[in-house]
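First the structure, in the form of structure tokens, and then the observations on it.
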Protein chains: 2
Amino acid sequence: MDSKDQKRPSELQIFRDFLRRQGMRYTPERETIIKEIFSTHEHFDVDSLYIGIRQKGLRVSKASIYRLIPLLIKANLIEEVFFENGQMHYEHIYGHEHHCHLRCQECRKIEEFSDERIAQIEKELGERFNYKILRHRLEVIGICSECQKKMKSA
Amino acid sequence: MDSKDQKRPSELQIFRDFLRRQGMRYTPERETIIKEIFSTHEHFDVDSLYIGIRQKGLRVSKASIYRLIPLLIKANLIEEVFFENGQMHYEHIYGHEHHCHLRCQECRKIEEFSDERIAQIEKELGERFNYKILRHRLEVIGICSECQKKMKSA
DNA sequence: AAAGAAATTGTTATTCAATGTCAATAAGCC
DNA sequence: GGCTTATTGACATTGAATAACAATTTCTTT
């Protein structure tokens, strides 16, 4: 099976092309970071990424992570999902349907969901305000059933 | 006309009651900050608040602003709206219908809108995931018509 | 394949929002 | 008015994110 036959280029390939277009270079450090990001479907922040990389016995400076993130966002591979506790949190989006987040305020658990009505709202907004819509972020905050129970018994 | 006849207590009154319930005190500094917040319908961050207060010839330390904000959130008078440029941005919500934000990525202009479909989505989410829903935040990002024009001519 | 130009790296220092500390002050209760 | 205790402002501290820079590495060019 030739790799040309694959329907979807890998995130590494996408990023390589992106870098080339920008006259930037593909480095082992960048590869390490991207692989770490795409190795799970978890949300991440800079610290958790850094720790994950080191636990695999690899080594990359935090500065390199901080420097890479804006590039990955520009390349549409990741996006900011929420800011909490003084840190921005991200997730990769390439290869995943866009989704929104339902977060428990108590235990910080996150459920993902998607809803076509939001695309419709976007469309209407673009027409009404004459905007070119790029993206949206919907966070719903609540209390999960376990935490509700805990709170009742306290 | 007796003030008791007013349908909606002032934000100061709401906050006074809130403080009393918590065994906290009502101070001139807190009053100054709240008045500043509620004197416009603009979004604000700590810095813009601080500057606005000083421009009126008043004086309050930034620490007091930082200390007050969590209380105002707890009292349901303000809420976080978005994090940008290293700072959290807020707006007052008391006395205003809840609304969401459409933001221009280029000029940072903000349009407000509301949509009943989101309440419906919230309701369904609560049932589906067994959450008690508290609130939501929907940000839509795009490019306004002026900025679209500017970008075309460049 | 080797060299050279330029981007990238890690280290270190820096910025700046946000929080903590603490003595002095002031609010609210008696 | 006096007393208890929350609050204030000044200052120090934290910690995420960014900047500076010399050493290194990528990638093009020959």
Side-chain angles (χ1 to χ4, degrees), chain A residues 12-13 15-37 43-54 56-75 78-90, chain B residues 12-13 15-37 43-54 56-75 78-90:
Chain A
L12 284 174
Q13 198 51 56
F15 192 58
R16 267 193 122 113
D17 293 349
F18 171 81
L19 288 177
R20 176 168 293 270
R21 262 178 279 128
Q22 313 268 321
M24 293 171 163
R25 293 173 184 172
Y26 190 74
T27 66
E29 290 82 3
R30 287 176 172 170
E31 183 172 315
T32 299
I33 299 166
I34 297 177
K35 280 186 176 165
E36 177 67 24
I37 290 174
H43 302 92
F44 65 92
D45 53 51
V46 169
D47 245 64
S48 65
L49 246 191
Y50 181 74
I51 292 169
I53 288 168
R54 303 217 52 168
K56 293 195 173 55
L58 301 169
R59 195 175 176 139
V60 158
S61 76
K62 273 195 188 173
S64 291
I65 299 177
Y66 277 112
R67 283 187 286 235
L68 183 58
I69 284 176
L71 298 180
L72 293 173
I73 290 174
K74 231 190 198 167
I78 68 172
E79 70 184 8
E80 298 183 341
V81 287
F82 58 87
F83 181 82
E84 187 177 73
N85 230 259
Q87 291 161 263
M88 187 54 78
H89 296 249
Y90 308 86
Chain B
L12 285 174
Q13 197 52 56
F15 192 58
R16 267 191 122 114
D17 293 350
F18 171 82
L19 289 177
R20 177 170 293 270
R21 262 178 278 129
Q22 313 269 319
M24 292 172 163
R25 293 173 185 172
Y26 190 74
T27 67
E29 289 82 2
R30 287 176 173 170
E31 184 172 314
T32 297
I33 299 167
I34 297 177
K35 280 186 176 167
E36 178 67 21
I37 291 174
H43 303 91
F44 64 92
D45 53 51
V46 169
D47 246 63
S48 65
L49 246 191
Y50 181 74
I51 291 169
I53 288 168
R54 304 217 52 169
K56 291 196 173 56
L58 300 168
R59 198 179 172 131
V60 158
S61 77
K62 272 195 188 173
S64 290
I65 299 177
Y66 277 113
R67 283 187 285 236
L68 183 58
I69 283 176
L71 298 181
L72 293 173
I73 291 174
K74 231 190 199 167
I78 68 171
E79 70 183 10
E80 297 182 342
V81 288
F82 58 86
F83 182 82
E84 186 178 74
N85 229 259
Q87 292 160 262
M88 188 54 79
H89 295 248
Y90 308 87

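Letters go in sequence order (proteins before strands), and every chain restarts at 1.
The salt bridge (Lys or Arg N to Asp or Glu O under 4.0 Å) check on B:Glu36 picks up B:Lys56, with sequence neighbours excluded. A:Glu31 is linked by a salt bridge (Lys or Arg N to Asp or Glu O under 4.0 Å) to A:Lys35, counting only residues two or more places apart in sequence or in another chain. By the ring-ring contact (aromatic ring centres under 6.0 Å, His included) test, B:Tyr50 is found to be paired with no residue, residues two or more places apart in sequence or in another chain being considered. Scored by the side chain to side chain donor-acceptor pair (under 3.5 Å) test, A:Glu84 finds A:Arg103, A:Arg108 as partners (sequence neighbours excluded). A:Tyr90 pairs by the ring-ring contact (aromatic ring centres under 6.0 Å, His included) definition with A:Phe44, not counting sequence neighbours.
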Show me the donor-acceptor pairs, under 3.5 Å and distance only, between side chains in residues 17-25 of chain B and residues at least two apart or in other chains.
from, atom 1, to, atom 2, distance (Å)
B:Asp17, OD1, B:Gln13, NE2, 3.3

Got a list of side-chain donor-acceptor pairs under 3.5 Å for residues 61-68 of chain A, not counting sequence neighbours?
from, atom 1, to, atom 2, distance (Å)
A:Ser61, OG, A:Ser64, N, 3.2
A:Ser61, OG, A:Ser64, OG, 3.3
A:Lys62, NZ, A:Asp47, OD1, 2.9

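Inter-residue side-chain proximity for B:Ile73 and B:Glu80 is flagged as met; some heavy-atom pair is nearer than 4.5 Å. Between B:Arg54 and B:Arg59 the shortest side-chain heavy-atom distance falls below 4.5 Å.
B:Ile69 has its CD1 atom 10 Å from the C1' atom of C:dA18, to the nearest Å. Here the C1' atom of nucleotide C:dA17 and the CZ atom of B:Phe82 are 16 Å apart, to the nearest Å. The interatomic distance linking A:Leu68 (CG) with C:dA7 (C1') rounds to 14 Å, in whole Å. Distance, B:Leu49 CG to C:dA18 C1': 15 Å, rounded to whole Å. Atom CZ of A:Arg59 is separated from atom C1' of C:dT9 by 12 Å (rounded to the nearest Å). Spacing between atom CG of B:Leu71 and atom P of D:dA6 amounts to 14 Å, rounded to whole angstrom units. Between B:Phe18 atom CZ and D:dA6 atom C1' the separation is 15 Å, expressed in whole Å. Atom P of nucleotide D:dT8 and atom CD1 of B:Ile65 are separated by 11 Å, given to the nearest angstrom.
For the helix from C:dA1-D:dT30 to C:dC30-D:dG1, the angle separating the two terminal helix axes comes to 40°, with each axis derived from five pairs and the value rounded to 10°.
Taking the six-membered ring where tryptophan is involved, the planes of A:His43 and A:Phe82 are tilted, since the angle between them lies from 30° to 60°.
When each of A:Gly23 and A:Ser61 is assigned the nucleotide of DNA chain C bearing its nearest heavy atom, the one mapping closer to the 5' terminus is A:Gly23.
Taking all atoms of both residues into account, the shortest heavy-atom contact from B:Gln87 to B:His89 is O-CD2, 3.1 Å.
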Whether each nucleotide of nucleotides 24-30 of chain C has a protein heavy atom under 4.0 Å at its base (B), only at its sugar-phosphate (S) or at neither (-) is summarised, 5' to 3', as --BBSS-
Under a 4.0 Å heavy-atom criterion, the protein footprint on nucleotides 14-19 of chain D, written with B, S and -, is --SBB-
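Using a 4.0 Å cut-off, some side-chain N or O of B:Ser64 falls inside it from OP1 or OP2 of D:dG9.
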